[in-house]
Each structure stands twice: as structure tokens, then as C-alpha cells.
A.B. asks: 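Here it is, the structure, as C-alpha cells.
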Amino acid sequence: MKILVTGGAGFIGSAVVRYIIENTQDSVINIDKLTYAGNLESLECVSNDERYTFEQVDICNRTELDRVFATHQPDAVMHLAAESHVDRSITGPAEFIQTNIVGTYNLLEAAREYWNTLTNTVKEAFRFHHISTDEVYGDLPHPDEQEGDLPLFTEQTSYSPSSPYSASKASSDHLVRAWLRTYGFPTIVTNCSNNYGPYHFPEKLIPLVILNALEGKELPIYGKGDQIRDWLYVEDHARALYKVVTEGKVGETYNIGGHNEKQNIEVVEAICSILDTLVPKGSPYSELITYVADRPGHDRRYAIDSSKMSAELNWTPVETFETGLRKTVQWYLDNQTWCQNVQDGSYQRERLGEINMTAKGK
Ligand code: NAD
């Protein structure tokens with residue numbers, strides 16, 4: 001297969017590209033705008049492979065998309081390109097509307113026009129796989145609000161996004177499903193929980209905490225740190241995505257999760273204790289933990305029921321939270337140059353996503 005991956009220079013996209021090149025016979029055409037979050041250094045291990053091609057393309061540019069489809073004639077699209085950071089969406093939602101909604105619309109239209117030119121057999125085998133998030137479902141009851149078994153997100157859970165990021169992803173999911181229903185365009189959607197692992201841009205919780213700790217800086221915890229996320233190691237996600245694009249059923253949605261519900265504070269304490277062992281500094285790293293004002297609109301709990309993925313596609317995560325986190329911390333210790341190179345001077349791990357309510361008289 002020739003797979004067109006969008007956003008392949010980002011955190012999850014680069015894991016998908018590395019997975020395909022290193023574990024299958026398929027070819028990859030990676031199109032990426034290379035925003036602050038896209039880094040070709042994450043793809044150095046595959047960049048010389050003859051089955052790998054990169055083109056710097058913005059998915060909002062329809063002319064360029066048409067050229068890419070005509071030139072490379074892909075058999076499938078895996079769409080990961082997006083603005084992905086909730087805090088950035090709070091301070092600057094415009095880019096999220098543009099890339100996540102308008103960009104997805106452009107890609108759907110370019111892909112559909114190309115698909116219409118294919119012969120029947122190729123057309124039937126074509127897949128458009130849209131990669132989305134569990135944040136589209138909003139949040140779930142938290143253990144301090146409800147006793148007993150708590151609900152999980154299933155493929156039937158209603159959409160109720162809370163942030164500009166999750167609302168833009170929800171919009172793009174709706175577009176993708178509408179293209180299936182209206183045009184018969186062969187789409188599949190996956191909604192995944194929080195990923196962690198190597199090559200994660202240091203604005204997100206886990207890499208930010210590792211790098212701040214190593215530099216003796218404060219480890220900021222939003223609110224009480226009791227928000228719960230279901231953590232999945234990125235390589236487990238990449239393997240799941242490849243299974244979906246090759247074996248998933250057209251028109252279906254698959255929820256992907258790690259069975260690892262953890263409070264943010266537990267995640268930060270776990271990183272501190274791994275660092276205490278690997279890079280002891282005389283006093284515990286947890287002394288650097290500092291509580292800061294919560295994120296506006298912060299969802300309290302996400303958790304995924306991924307039983308459909310295991311029953312229908314025989315996928316389960318390989319890493320536990322403990323093994324995956326240890327690997328991740330070790331990777332950041334071993335790859336300090338990557339960390340320095342991706343922080344280009346315009347972002348120094350400062351707090352993002354605060355809003356000044358009083359400035360607008362609210
Ligand atoms: P990321 O921010 O690390 O990477 C996004 C990539 O998209 C970057 O390489 C960036 O350069 C590229 N991009 C942005 N705008 C573009 C545009 N207009 N045209 C072309 N390329 C563009 O994001 P990620 O964490 O790798 O997430 C990938 C996808 O998976 C996103 O769609 C996200 O919503 C989804 N997702 C992420 C998580 C998570 O925990 N990170 C969980 C579930 C789903």
C-alpha cells in the first residue's frame with residue numbers, strides 16, 4: 001500500500017510513519033506544514049528509506065493537495081495533521097478552526113475528487129482514516145463525585161466538547177462522517193486517549209515535567225492535579241492505527257485507550273520517582289511540584305472503553321503505564337539534543353492558555 005500520512009512530522013504522526021516503514025512493506029508519503037509542533041528530526045531513522053517521501057504541504061492549500069494526490073496516487077489516507085494543544089486553543093483558537101476544520105474539509109474534498117477518478121477495484125479498497133481524540137466526548141464523572149463503577153467513553157457516547165481544540169476536532173469528525181453518508185466516501189474514525197512517549201513536544205505534561213525537573217525548575221500542576229486521563233504509549237497507538245487502516249471496517253468508529261486511568265498528580269509523582277532513581281540529585285524531585293491556577297474549562301476525567309478494538313481487531317496495548325513511562329523518561333535523558341532543537345527560542349516551556357477575564361469586564 002501507499003499511505004498518505006498528514007501531520008507525519010508531529011508526535012503521533014512520526015510514530016505512525018516510523019511504525020509503517022520499520023514494520024511493514026508499505027510506502028509513506030508524509031505531508032506536513034512543519035508548524036512549531038512538526039519536526040523532521042523525529043523521522044531521521046526513516047528519512048533515507050526509498051519507501052518514504054516527505055512534502056512540506058499545508059492541508060489548507062487545496063491546489064497543493066490536488067497536486068499531491070495526482071502525483072503520489074495513494075491507496076489510503078491517515079489524517080493526523082492538526083493543531084493539538086488545548087492551552088494554545090484557549091489563547092488562539094483561529095488556527096484550530098483553520099487547520100482542524102477547514103483543513104480537514106479541504107483534505108476530504110481533494111481525497112474524494114481523486115477517489116472518483118479511480119477504477120472500481122482500487123476505489124473499493126481506498127480508505128480515509130481520520131485520527132481524533134476522546135476529548136470530543138467532553139468529560140466523565142470523577143470518583144470524588146460518584147461512587148461505584150464509573151462510566152467509560154464508548155463509540156456511542158454523545159459528543160460534548162469543552163475546549164476550542166476539542167470542539168474543532170468534533171467538527172472535523174462530523175465532516176468525515178457526513179462525507180461517508182452523503183458521498184459514500186470510505187471513511188473510518190478513531191478516537192484515542194492521551195498519548196505519551198518519545199518525540200513529544202515539551203509543551204505537554206509528561207515531557208514538560210521531565211525537562212523542567214532535569215533543569216531544577218518548578219513542576220506546574222493545574223488546580224488540584226486530580227484530573228484523570230487514560231494514558232496510552234504512543235507506539236501502541238501507532239500499531240492500533242495501522243490495524244484500523246488495514247483491517248478496520250468502512251463507516252466504523254473505534255475508541256483506542258490504554259486502560260491506564262491516572263490523576264495528573266500521580267503522573268508527575270511517578271516521573272519524579274523514576275528520576276530519583278535514574279538521576280539522583282540529593283533531594284526528591286517532587287519538591288519541585290508547584291500548584292498553579294487551573295486551565296479554564298478543564299475536563300475532569302477521560303477514560304476509554306476500547307473493547308471494540310480488542311474484540312474486532314485483536315488489538316491491546318503492550319506497554320503498562322509503568323513500563324511505558326520508564327522508557328519515556330529514559331528516552332528524554334538520552335535525547336537532550338532533540339529537546340533543545342525543537343524548542344526554537346520562541347517557546348521556553350512557559351505557561352500557556354490563561355485568559356484574563358477581568359480585561360473584558362467579565
Ligand atoms: P502534534 O501537534 O504533535 O502534531 C501535529 C502535526 O500536524 C505537526 O507535525 C504539524 O506540523 C502538522 N500540522 C499542523 N497544521 C498543519 C497544516 N495546516 N497542514 C499540514 N500539517 C499541519 O499532534 P499529535 O499529538 O501528534 O496529534 C496528532 C493527531 O492525533 C491530532 O489530530 C490529534 O488531534 C490526535 N490525537 C492526539 C492525542 C495526543 O495525546 N497527543 C490523542 C488523541 C488524538
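On a predicted model such as this, the values are computed, not experimentally measured, just so you know. In each ligand, atom 1 is the first atom listed, and ligand 1 is the first ligand listed.
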A.B. asks: Quiz question: by atom type and distance under 3.5 Å, do the side chains of Asn260 and Tyr196 form a donor-acceptor pair?
C.D. replies: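 Distance-only check fails for Asn260 and Tyr196.
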A.B. asks: Give the atoms of ligand 1, by number and element, whose distance to some non-hydrogen atom of Asn194 is under 4.0 Å.
C.D. replies: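 Within the 4.0 Å cut-off of Asn194, ligand 1 contributes 40 (O).
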A.B. asks: Mind checking whether Cys60 has an N or O less than 3.5 Å away from an N or O of ligand 1?
C.D. replies: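 No, no N or O pair falls under 3.5 Å.
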A.B. asks: Which pairs count as ring pair (Phe, Tyr, Trp, His ring centres under 6.0 Å) when at least one residue sits in residues 9-67, sequence neighbours excluded?
C.D. replies: Phe11-His200, Tyr19-Tyr242, Tyr36-Phe201
A.B. asks: Establish, for the pair Arg112 and Phe185, whether the NZ or CZ atom is under 6.0 angstrom from the six-membered ring centre and no further than 45 degrees off its axis.
C.D. replies: no
A.B. asks: Please work out whether any backbone atom (N, CA, C, O) or any side-chain heavy atom from C-beta onward of Leu34 is under 4.0 Å from ligand 1, and answer side chain, backbone, both or neither.
C.D. replies: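 The part of Leu34 near ligand 1 is the backbone, not the side chain.
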A.B. asks: Evaluate whether atom CD of Glu215 has more than 12 neighbouring non-hydrogen atoms of other residues, nucleotides or ligands under 6.0 angstrom away.
C.D. replies: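 Counting other residues, nucleotides and ligands, CD of Glu215 exceeds 12 neighbours.
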A.B. asks: Report yes if Asn39 has an N/O atom closer than 3.5 Å to an N/O atom of ligand 1; otherwise report no.
C.D. replies: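 It does not: no N or O of Asn39 is found under 3.5 Å from an N or O of ligand 1.
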A.B. asks: Report yes or no: does Tyr165 have a heavy atom closer than 4.0 Å to ligand 1?
C.D. replies: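 So Tyr165 counts as touching ligand 1.
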A.B. asks: In terms of side-chain heavy atoms, does Arg67 have a donor or acceptor partner in Thr63 at a distance below 3.5 Å?
C.D. replies: no
A.B. asks: Charged N to carboxylate O below 4.0 Å: is that the case for Glu145 and Arg300?
C.D. replies: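 Looking at Arg300 together with Glu145, the answer is yes, because their closest N to O distance falls below 4.0 Å.
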A.B. asks: Of all the atoms in ligand 1, which lie at a distance below 4.0 Å from a heavy atom belonging to Ser132?
C.D. replies: 43 (C), 44 (C)
A.B. asks: Please write down residue, atom name and distance for the protein heavy atom closest to atom 31 (C) of ligand 1.
C.D. replies: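 Ranking protein heavy atoms by distance from atom 31 (C) of ligand 1, first comes Leu80 O, 3.3 Å.
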A.B. asks: Please list the nearest protein heavy atom to atom 40 (O) of ligand 1 with its residue and the distance rounded to 0.1 Å.
C.D. replies: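 In this structure, atom 40 (O) of ligand 1 has Asn195 N, 2.9 Å as its nearest protein heavy atom.
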A.B. asks: Please identify which atoms of ligand 1 are closer than 4.0 Å to at least one heavy atom of Cys192.
C.D. replies: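 It comes down to these atoms of ligand 1: 42 (C), 43 (C).
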A.B. asks: Evaluating non-hydrogen atoms only, which member of Asp32, Thr104, Ile131 is closest to atom 11 (O) of ligand 1?
C.D. replies: Asp32
A.B. asks: Using every non-hydrogen atom in the two residues, find where Glu155 and Asn255 come nearest and quote the distance to one decimal.
C.D. replies: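 Nearest heavy atoms, Glu155 then Asn255: OE2-N, 2.8 Å.
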A.B. asks: Output the list of atoms in ligand 1 that are nearer than 4.0 Å to some heavy atom of Gly38, sorted by atom number.
C.D. replies: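 Near Gly38, the atoms of ligand 1 are 8 (C), 9 (O), 11 (O).
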A.B. asks: List every atom of ligand 1 that sits less than 4.0 Å from any heavy atom of Thr35, numbering the atoms from 1 in the order shown and giving each element.
C.D. replies: 10 (C), 11 (O), 14 (C), 15 (N)
A.B. asks: How far is atom 32 (O) of ligand 1 from its nearest protein heavy atom, and which residue and atom name does that atom have?
C.D. replies: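 Scanning the protein heavy atoms, the shortest distance from atom 32 (O) of ligand 1 goes to Lys169 NZ, 2.6 Å.
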A.B. asks: Using a 4.0 Å cutoff against the non-hydrogen atoms of Ser193, which atoms of ligand 1 qualify?
C.D. replies: 42 (C), 43 (C)
A.B. asks: Show which atoms of ligand 1 fall inside a sub-4.0 Å distance from at least one heavy-atom site of Asp58.
C.D. replies: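 With Asp58 as reference, the close atoms of ligand 1 come out as 17 (C), 18 (N), 19 (N).
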A.B. asks: Among all protein heavy atoms, pick the one closest to atom 21 (N) of ligand 1 and tell me residue, atom and distance.
C.D. replies: Lys33 N, 3.0 Å
A.B. asks: Give me the residue, atom name and distance of the protein heavy atom closest to atom 19 (N) of ligand 1.
C.D. replies: Ile59 N, 3.0 Å
A.B. asks: Looking at Arg18 and Glu235, does any basic side-chain N land under 4.0 Å from a carboxylate oxygen?
C.D. replies: no
A.B. asks: Does Thr6 reach ligand 1, in the sense of a heavy atom lying below 4.0 Å from it?
C.D. replies: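 No, that is not the case, since the closest heavy atom of the residue is not under 4.0 Å from the ligand.
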A.B. asks: Is Thr99 in polar range of ligand 1, meaning some N or O pair under 3.5 Å apart?
C.D. replies: yes
A.B. asks: Salt bridge check: are Arg62 and Glu113 linked by an N-O gap of less than 4.0 Å?
C.D. replies: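 Answer for the salt bridge query: yes.
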A.B. asks: To which of Ser84, Ala82, Gly7, Ala37 does the heavy atom nearest atom 5 (C) of ligand 1 belong?
C.D. replies: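 Looking at heavy atoms only, Ala82 sits closest to atom 5 (C) of ligand 1.
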A.B. asks: Nearest protein heavy atom to atom 25 (O) of ligand 1, by residue and atom, and its distance?
C.D. replies: Phe11 CD2, 3.8 Å
A.B. asks: Tell me which part of Val57 gets within contact of ligand 1: side chain, backbone, both or neither, using heavy atoms under 4.0 Å.
C.D. replies: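 For Val57, the contact with ligand 1 is made by the backbone alone.
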A.B. asks: Identify the protein heavy atom lying closest to atom 38 (C) of ligand 1, giving its residue, its atom name and the separation to 0.1 Å.
C.D. replies: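 I find the closest protein heavy atom is Ile12 CD1, 3.5 Å.
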A.B. asks: Does a donor on one side chain and an acceptor on the other come within less than 3.5 Å for Thr253 and Lys308?
C.D. replies: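 No - no donor-acceptor pair under 3.5 Å links their side chains.
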A.B. asks: So is there a nitrogen or oxygen of His79 less than 3.5 Å from a nitrogen or oxygen in ligand 1?
C.D. replies: no
A.B. asks: Is ligand 1 less than 4.0 angstrom away from at least one heavy atom of Gly103?
C.D. replies: no
A.B. asks: So between Ser14, Gly10, Ala15, whose heavy atom ends up nearest atom 4 (O) of ligand 1?
C.D. replies: Gly10
A.B. asks: Look only at interatomic distance and state if His237 has a nitrogen or oxygen under 3.5 Å from any nitrogen or oxygen of ligand 1.
C.D. replies: no
